[in-house]
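Basis for what follows: all heavy atoms, side chains included, without hydrogens, waters or symmetry-related copies. For clarity, every value in this text was computed on a predicted model and none was experimentally measured. The chains referred to below are lettered A, B, ... by the order of the sequence lines, with proteins before strands, and numbering in each begins at 1.
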There are 4 protein chains.
Amino acid sequence: MSRNTRQRQSAAVKVGRPRNPRIQQRILKAATDLVLEQGFRALSMDAIAERAGVGRMTIYRRWPNKAAVVMDAFFARMDPYALFRGGKTYMESIRLQLRAVAKAYRGKEGSLIRILLAEAQFDPELASAIREKWILPRRRVTIPYLEQGIRDGFLREDLDPNVAVDLLYGPIYLQLLMGTATLSDSYIDKIFQHAMRGFKKA
Amino acid sequence: MSRNTRQRQSAAVKVGRPRNPRIQQRILKAATDLVLEQGFRALSMDAIAERAGVGRMTIYRRWPNKAAVVMDAFFARMDPYALFRGGKTYMESIRLQLRAVAKAYRGKEGSLIRILLAEAQFDPELASAIREKWILPRRRVTIPYLEQGIRDGFLREDLDPNVAVDLLYGPIYLQLLMGTATLSDSYIDKIFQHAMRGFKKA
Amino acid sequence: MSRNTRQRQSAAVKVGRPRNPRIQQRILKAATDLVLEQGFRALSMDAIAERAGVGRMTIYRRWPNKAAVVMDAFFARMDPYALFRGGKTYMESIRLQLRAVAKAYRGKEGSLIRILLAEAQFDPELASAIREKWILPRRRVTIPYLEQGIRDGFLREDLDPNVAVDLLYGPIYLQLLMGTATLSDSYIDKIFQHAMRGFKKA
Amino acid sequence: MSRNTRQRQSAAVKVGRPRNPRIQQRILKAATDLVLEQGFRALSMDAIAERAGVGRMTIYRRWPNKAAVVMDAFFARMDPYALFRGGKTYMESIRLQLRAVAKAYRGKEGSLIRILLAEAQFDPELASAIREKWILPRRRVTIPYLEQGIRDGFLREDLDPNVAVDLLYGPIYLQLLMGTATLSDSYIDKIFQHAMRGFKKA
DNA sequence: CACTAAGCGAGACGGTACGTCCCGTCTTTCC
DNA sequence: GGAAAGACGGGACGTACCGTCTCGCTTAGTG
């Protein structure tokens, strides 16, 4: 599986007969554009179909509902960012991964994931899909870094990696959903720094 | 009963002529029950009205949409928890406040606030209402504690109180929305402890 | 009972305690004005009440529904025309009565009676009220004239007075409801003349 | 089957895409049944839709309001009666036409046209539709007969055909709306006879 | 003359129907 | 045989009135 995972199976799209991928793309683009231009409230299946110049059935043949469409639209965009690695050190990799996520969320992907997270509160299947396909993969990459850090004696022995990940990612999602701050790189760096050093004076 | 919430105006309810408060309560109870029993998707104005034994107009006279109803239902329940203080020290107060929020979110209030946060992604007015009336008040209490901690020499001088609050509350909302962990007291304590000490070995 | 029946009991108004007659008039005027200005579709109880500067209950205290209000508004205006007599001969009296009715129907009373006849199709009580209080009184005056005409040898022996009345009044109501002609005096005279002479060449 | 009603377009139904005619019939039948069973007041779009086993939108796609539905239901039933001809003489044809109308009005069609005439008092469009599509066609057939009768020297030279038609049809509508008599064949014959001979003794 | 009973405005209330919008399925027609 | 177009059953929306009710305020009539 290369870094950019070509031939990736779509996240939510129904399987079956091979379907015209051009149409798929038109639909995803239409959905994305509509969300960005008019917000999720204006995102009806009718609207997507009309914008994509497509029959409604053509959408339903591929996705079970509009959340699934948005989810695929999100993954189509997020793929390149997925599981980014590259820092010189473990902790640097974590920081860069945080930055990568934040950068994406600052852009169009932020609008999409916000919708997905919102919809997921009403749709357990969607919730589990997001968790399995988006949230957990990032954790699964991060946690071993932290464990390695502990083994290396760089991080505290009593660090709970799961809790640590929550501390790092929690603020990002808080900002994403509540908009109390911007997900700038410097904000991410502050989160990272504060988490590393702790609040208490040494 | 918190120190400063007497005579509190309902969060979202429209004002105007005096209205029968019993009916208000019946509506909020009906809405809460329906949400908890059947989820937000089953929560229609019709359903609330029928369950409450009330005409639909009676609801619309008070709230502009069903999210506002749920918001008031949430505030009616959360009032006692609001802005809890009581720790012996500043930091203890923060920890207890976190616990109080987590405790509420473990119960029915969690279902309500999840829905509200989700709806808020589609409804800027609701988003700002939640931010102003629920999220920010907690921050406004917490930040002075942190500032005092800095002045007292207990917390690092370069601590950014806003970032610190995000680190403390972010994980709670992450768990609330993603359900990757339970908001147990011990989880809260871990969050608090990790944030205080930092990840790095001293 | 004089010709113009002062102290007339209102047609449909509920009895009971004496009520302020000024208010009654304001309501009837408001109802009439609204019908004439905006048509019956705009005639809601709310609209009448608002226009009359009156509470809705004040109307319901007096009339059971808005048709009854319109009916009283009609009678208040039609009273002077009621059972007009005055021709030198019997047949002349009939003709003048037809003219009087037509004249009223050309004016505001036409709008009111049209509404009443229409509502009466859905409301048997109203139908019978109109029949008893408006239609039949006119017939009861006309038929003896016709019978006298037969006895006098002026009208055919085999004339059926009921059928004859229908022939005279039928066209008026047809025009009122279908608007295929205007209820001018000359139209009435033609009706009368045609009915008297018959279609067939002598 | 009348001479010139083939390919007749439905009276009020909206055009556009071809629609399922079975559904159309189900709707009209449901509407007719409901009117006859429970009266027009019980005739709501909801009730029609439910009775017909049809979504409300399906009705609105075809008719702008319930009066239009009833109008089409009326026309669907009245088509066979339309513009009946068949008497040996002109006057006989007129009489038979009157009888045909009266016969229809004695039955279910009477209930429908009563409702339509009533509604038409509140709905100018409906009024003009009834006038153009139902009332006037009958007049347009009758008047030439009368004119021919005049030319043939059978009817008076000073007969006004329009007035004459009013004399013949007026009583039918008077009875229909006021119910002061039954529209029996013998009543129709009396109307016809009285109109032909006139009231005055020869 | 004050008191009290009612009439009154205002409008909240439970309820029904409206006409619209969208969902997810189905059917028709074209390519 | 897939796709566009859109009709279809269904259900929620938010509005408009209905007819009833409950509030205070005004206003007569009565003791």
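- Each of B:Lys66 and D:Thr58 was assigned the nucleotide of DNA chain F with the nearest heavy atom; the assignment lying further toward the 5' end belongs to D:Thr58.
- DNA chain E is contacted by both A:Arg56 and C:Ile23; C:Ile23 maps to the nucleotide lying nearer its 5′ end (nearest heavy atom per residue).
- Of the residues in residues 37-49 of chain C, C:Ser44, C:Met45, C:Asp46 come within less than 4.0 Å of DNA chain F through at least one heavy atom, sorted by number.
- Between the CZ atom of A:Arg22 and the C1' atom of F:dA3 there is a distance of 15 Å, rounded to whole Å.
- Proximity of D:Val70 to D:Phe40: side-chain heavy atoms (C-beta onward) are separated by under 4.5 Å at one or more points.
- In this structure, C:Lys66 forms no cation-pi arrangement with C:Tyr60, as its terminal cationic atom is not both closer than 6.0 Å to the ring centre and no more than 45° off the ring axis.
- Atom CD in B:Gln24 sits roughly 12 Å away from atom P in E:dG14 (whole-Å rounding).
- A close approach under 4.0 Å does occur between a side-chain nitrogen or oxygen of C:Arg62 and OP1 or OP2 of E:dC8.
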Step by step, work out the side-chain contact (heavy atoms from CB on, under 4.5 Å) result for D:Thr58 and D:Arg62. CA-CA 7 Å; D:Thr58 303; D:Arg62 293 152 201 267; 3.8 Å; yes
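- At distances below 3.5 Å, at least one donor-acceptor pair connects side-chain atoms of C:Gln121 with backbone N or O atoms of D:Leu177.
- The backbone N or O of C:Asp46 lies less than 3.5 Å from no partner atom in the side chain of C:Arg56, so there is not a single donor-acceptor pair.
- Using a cutoff of 4.0 Å between basic side-chain nitrogens and carboxylate oxygens, C:Glu119 and C:Arg114 are not scored as salt-bridged.
- Taking side-chain N and O atoms only, A:Arg61 has a distance below 4.0 Å to OP1 or OP2 of F:dA3.
- Looking only at distances, no side-chain donor or acceptor of A:Arg51 sits under 3.5 Å from a matching main-chain atom of A:Ala30.
- When heavy atoms are screened at a 4.0 angstrom cut-off, B:Arg51 is found touching no nucleic acid atom at all.
- In this structure, B:Arg26 does not reach the E:dC13 phosphate: none of its side-chain N or O atoms is under 4.0 Å from OP1 or OP2.
- The distance from atom CD of C:Gln25 to atom P of E:dC8 is 13 Å, rounded to the nearest whole Å.
- Comparing A:Gly53 and B:Asn65, the nucleotide of DNA chain F nearest to each residue sits closer to the 5' end for A:Gly53.
- In this structure, CE of D:Met57 is placed 8 Å from P of E:dC21, rounded to the nearest angstrom.
- Taking atom OH of residue B:Tyr60 and atom P of nucleotide F:dC17, one finds them 18 Å apart after rounding to whole Å.
- Between D:Asn20 atom CG and E:dT29 atom P there is a gap of 12 Å when expressed in whole angstrom units.
- If you take CD1 of C:Ile59 and P of F:dC18, they are 9 Å apart, rounded to a whole angstrom.
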